[in-house]
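Below is one structure, written out as structure tokens, with a few remarks after it.
A note on names: the letters A, B, ... follow the listed sequences, proteins ahead of strands, and every chain is numbered from 1. Every value quoted in this text rests on a predicted model; they were computed, and no experiment measured them. The figures here come from the full heavy-atom set of this structure, side chains too, leaving out hydrogens, waters and symmetry mates.
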Amino acid sequence: MIVGQMKKLGASPDWDRLQFTMDPHLSTAVRHVFVTLFEQGLIYRGTRIINWCTRCQTALSDLEVKPVERKGHFYHLKYERTDGGAPLIIATTRPETLLGDTAVAVHPDDERYKGLVGKKVKLPLMNREIPVIADSYVDKEFGSGALKVTPGHDFNDYDIGKRHNLAVLNVFDKAGKVNAEGKQYQGLSVTEAREKILADLATAELLVRTEDHMHSVGVCDRCERIAEPMVSEQWFMNVKPMAEKAIAAVRKGESLTLAEVEKRDDAIKIVPESWTSTYYHWMENIRDWCISRQLWWGHQIPAWYCDKGHTTVSRENITKCATCASARVVQDEDVLDTWFSSGLWPFTTLGWPEKTKAYNTFYPTNVMETGFDILFFWVARMVMMGMHFNEGRVPFKRVYLHAMVRDEKGQKMSKTKGNVIDPLDIIRDYGADAFRFTLSTMAGQGRDVKLSLDRIEGYKAFCNKMWNASRYVLMRLGHVASELPGDPIPKADFKKITGGKPLADWVASNRKDFHPLNKWILAELDRTIVTVDRGLEEFRLNESSQAVYDFVWGQYCDWYIEFSKELLGSAEHAARVGETQVCLMHVLEESLKLAHPFIPFITEEIYQHLPERPGMKQGAPLMLQAFPVAAKQDGTRDIETVSVWKSAIDTLRAFRGENNIPPKARPKVSYEVLDAKVADQFIAGVPFIRALAQLESLAGETGYLRGNPTTGEIISTTAKFFIPLKGLVDVDGELKRVEKDKQATLADIEFTKAKLTKPTFIEKAPKELIDKEKDKLKALENKIGELDHALERLRKLK
RNA sequence: GGGAACAUAGCUCAGCUGGGAGAGCGGCGCCCUUACAAGGCGUAGGUCACAGGUUCGAUCCCUGUUGUUCCCACCA
């Protein structure tokens, strides 16, 4: 199912290399690792206290036990002294464990109990005497300052017991029932035993009082049943020495850049960096890893026990004990923690321990991309195992911890909570591309993603936009039937236009002579390529996807395509048709490549519809094309030029919009350039401003309109437009619009003036900024003059 | 108990080393203009959680407060 989901999502790994940790080769490698570590003394079998799940009937690692706040009770019990002195009061949350008590502990400095240490108390209900011992673990302030010690069922008590050589009593069996040690309580479950014992204590007047108590208990990660600390025989791995090296590798990576770390094999960089401290903290406090599990599914531990009690650990299955040659051998029934084999993933999947070609080529790998929820479970173990078994070389150079998808309420998805969103459902409703794009833009957050259906909807629209833009391009290239009868645009013959050169090459060598609009869109494309590239390099996927989105929709569709209609449709620019067709095509193609990592399906589909062009094989997949590279050309001037046109168009559109001038109205307008510095640039854009502002005509002002008393003046930053207002607008409405503009401009002036008159600013701010502010002030004051003039005319007109 | 993060427009979120806050969705107005109504154009909407500090200047850096979240931890 998961593989199916990944394919639907468009994940593009080399599926031929799909592997499973239980595959024969990986199983062999797992055995090899286990036996090697055993021989190195890093794996051992021992009796320890571990967390035990009484439902799953298996040992759990520390990581598999989740602390949960539970309401409980704090019971104060009376332990009678054998010397007849005042009884000890002991507080506990788990009275049933008293069955396994082997001591009572007090703090060595506790004046209240000084004389008691070394004496004995009577264990309630059990008819057993246990010693009072002194141990500094005990907190004098907590409860009564006296602690019952149950080494068999409590981690702390186990440690205390070891320090004082106390007996370890197991009173529960693997199913969580009281065993024979519990005498009259045998057979009861933990909960039943607790109730019965409390009742008996009450009867015996040994239960002093009961309080409500909130405390955290460890529950099994899988089934949420309370984990029972139990003493049992398990396999452990000493990970401390490996952890030290694993810490060193990340420390080294901290002082390196992402690019630097890629060139070496002894350092790891974690992104986002804030996770490194978490990683250190865990690694520095790491304890021996309990690796055996009492499950029926997994890699069986390669250890055999003979009838004489000898243990044989072997890479091959054995039939005889290695020590006594007894043929009565039986393999350990336990299996390994699933993360044991997963921790070997980066090298066992490449054929290790054999030095295969794949291994030599791909180890160390470049990027490990996963969720932070398995940073310890998986990532840390891979680092430790990887370095240990590969001559200190790291398994991967960079770790990218992506954000975690949560549900709409921000909760982690889980099967038990039933709030899992199936990616297939989203793909069915919105498409894989929209889903991927959304995840990419949301990946910027450090921690979690609340999946927002509205946003997916928005990116679905983007995919649609891309499709429609492509349709337009194909029409303009004459490769799709235009619905325009008698469309004058010739079918683009790229071979002829570029002389057989690939479009990209032809553009690169000729772009300096292109029309400003074509130069401009190429410059915008270059900028976008740089941004997308940087984002991908630095794992800021949201910046990359956002840059693609903004470029395609905000520049290419909203402006360039609109401009191109004029460029292609007017006889004035007939000489630019071929060049413009190439640019439309080239920029579309490069955009498809930039967008492809995010929306692979639709971009591939569109790509397959693109017409034949020099150097391109029909049917070649987009996925295999080289990623775009930005030209090293300075497009600043072109971007500036077109921004002058855009701002003029914006001003005229705002005038139309706010005055509710119907789109069908085509006013005749004349202009006068206000900023002499941009006069040439402005004049080159006149036909395009006219077209996009939907004007009948736009001509240099000759005095006719200016002299006309019914003419209105529209002020943009670089130019003034004269428009006959009569019958076109409601003069009051236009007065309001210009007045609003004036107020905003005045506020601007005030702000800038305040800045410039502050002596400390003039003294300390960078000169560049001061000059910029001065220029700005001048332009604003100029504009006020023009606005006042416009207002005056409007008032007269009224 | 220790550590980390987050708090920006009604909603979901950008804002990369400090120089007058942006997008999408939603709202309002005008448009079915032949790529696109899953659209176009215009427009409203934010003391950037709160209080201090550093700075000529703070959404951005520092400290504290409040709220939310996550991770780690053996307080009976």
Euclidean distance, [Y] [atom2] relative to [X] [atom1], rounded to 0.5 Å:
X: A/I661; Y: A/R653; atom1: CD1; atom2: CZ; answer: 14.0 Å
X: A/F751; Y: A/L746; atom1: CZ; atom2: CG; answer: 15.0 Å
X: A/L692; Y: A/D650; atom1: CG; atom2: CG; answer: 10.0 Å

Under the side-chain hydrogen bond (donor to acceptor under 3.5 Å, both in side chains) test, which residues partner [X], sequence neighbours left out?
X: A/E211; value: A/H76, A/R209
X: A/W289; value: A/D337
X: A/K764; value: none
X: A/R534; value: none

Which residues satisfy the side-chain contact (heavy atoms from CB on, under 4.5 Å) test with [X], sequence neighbours excluded?
X: A/D771; value: A/K767
X: A/T760; value: A/K758
X: A/V190; value: A/R94, A/E96, A/F172, A/E228

Shortest side-chain distance from [X], nucleotide among [options]:
X: A/R540; options: B/C16, B/C71, B/C75; answer: B/C16
X: A/D748; options: B/A35, B/G20, B/A76; answer: B/G20
X: A/N542; options: B/U43, B/A35, B/A14; answer: B/A14
X: A/K755; options: B/G20, B/G40, B/C75; answer: B/G20
X: A/M442; options: B/C13, B/G19, B/A76; answer: B/C13
X: A/I561; options: B/C71, B/A35, B/A76; answer: B/A35
X: A/R471; options: B/A76, B/C71, B/A35; answer: B/A35
X: A/L63; options: B/C75, B/C72, B/A38; answer: B/C72

Using whole Å, what does the distance between atom [atom2] of nucleotide [N] and atom [atom1] of [X] come to?
X: A/N468; N: B/A37; atom1: CG; atom2: C1'; value: 11 Å
X: A/F372; N: B/C70; atom1: CZ; atom2: P; value: 10 Å
X: A/D139; N: B/A73; atom1: CG; atom2: P; value: 21 Å

Nucleotides 22-31 of chain B: which of its N/O atoms have a protein N/O under 3.5 Å away?
none

Looking only at atom [atom1], what distance separates [N] and [M], rounded to whole Å?
N: B/A49; M: B/A37; atom1: C1'; result: 40 Å
N: B/C16; M: B/G22; atom1: P; result: 13 Å
N: B/U55; M: B/A14; atom1: P; result: 32 Å
N: B/G53; M: B/G57; atom1: P; result: 12 Å
N: B/C13; M: B/A9; atom1: P; result: 12 Å
N: B/A76; M: B/G3; atom1: C1'; result: 25 Å
N: B/G10; M: B/C70; atom1: P; result: 26 Å

Just checking [X]: base, sugar-phosphate only, or nothing, at a heavy-atom cut-off of under 4.0 Å?
X: A/K565; answer: base
X: A/T150; answer: nothing
X: A/N659; answer: nothing
X: A/C463; answer: nothing
X: A/K148; answer: nothing
X: A/E562; answer: base
X: A/V138; answer: base
X: A/R534; answer: base
X: A/E658; answer: sugar-phosphate

Pairs: protein N or O with nucleotides 53-59 of chain B N or O, under 3.5 Å:
unit_1, atom_1, unit_2, atom_2, d
B/C56, OP1, A/K764, NZ, 2.4
B/C56, O2', A/K758, NZ, 3.3
B/C56, O2', A/T760, OG1, 3.4

*RNA chain B base-pair string [pairs: Watson-Crick or G-U under 3.5 Å; |: paired with another strand]*: (((((((..((((.....[..)))).(((((.......))))).....(((((..]....))))))))))))....
*Taking it one step at a time, do A/Y549 and A/W553 satisfy ring-ring contact (aromatic ring centres under 6.0 Å, His included)?*
CA-CA 6 Å; A/Y549 184 98; A/W553 202 319; 5.7 Å; yes
_Show every salt bridge (charged side-chain N to carboxylate O under 4.0 Å, His left out) that has at least one partner inside residues 554-567 of chain A, sequence neighbours left out._
A/E562-A/K565, A/E566-A/R690
*With sequence neighbours left out, which residue pairs that include part of residues 426-438 of chain A fulfil the side-chain hydrogen bond (donor to acceptor under 3.5 Å, both in side chains) condition?*
A/D425-A/R428
_Show, in sequence, the C-alpha distance, side-chain angles and deciding distance for A/L777 and A/K753, and conclude whether the side-chain contact (heavy atoms from CB on, under 4.5 Å) test is met._
CA-CA 7 Å; A/L777 185 60; A/K753 262 189 181 160; 4.0 Å; yes
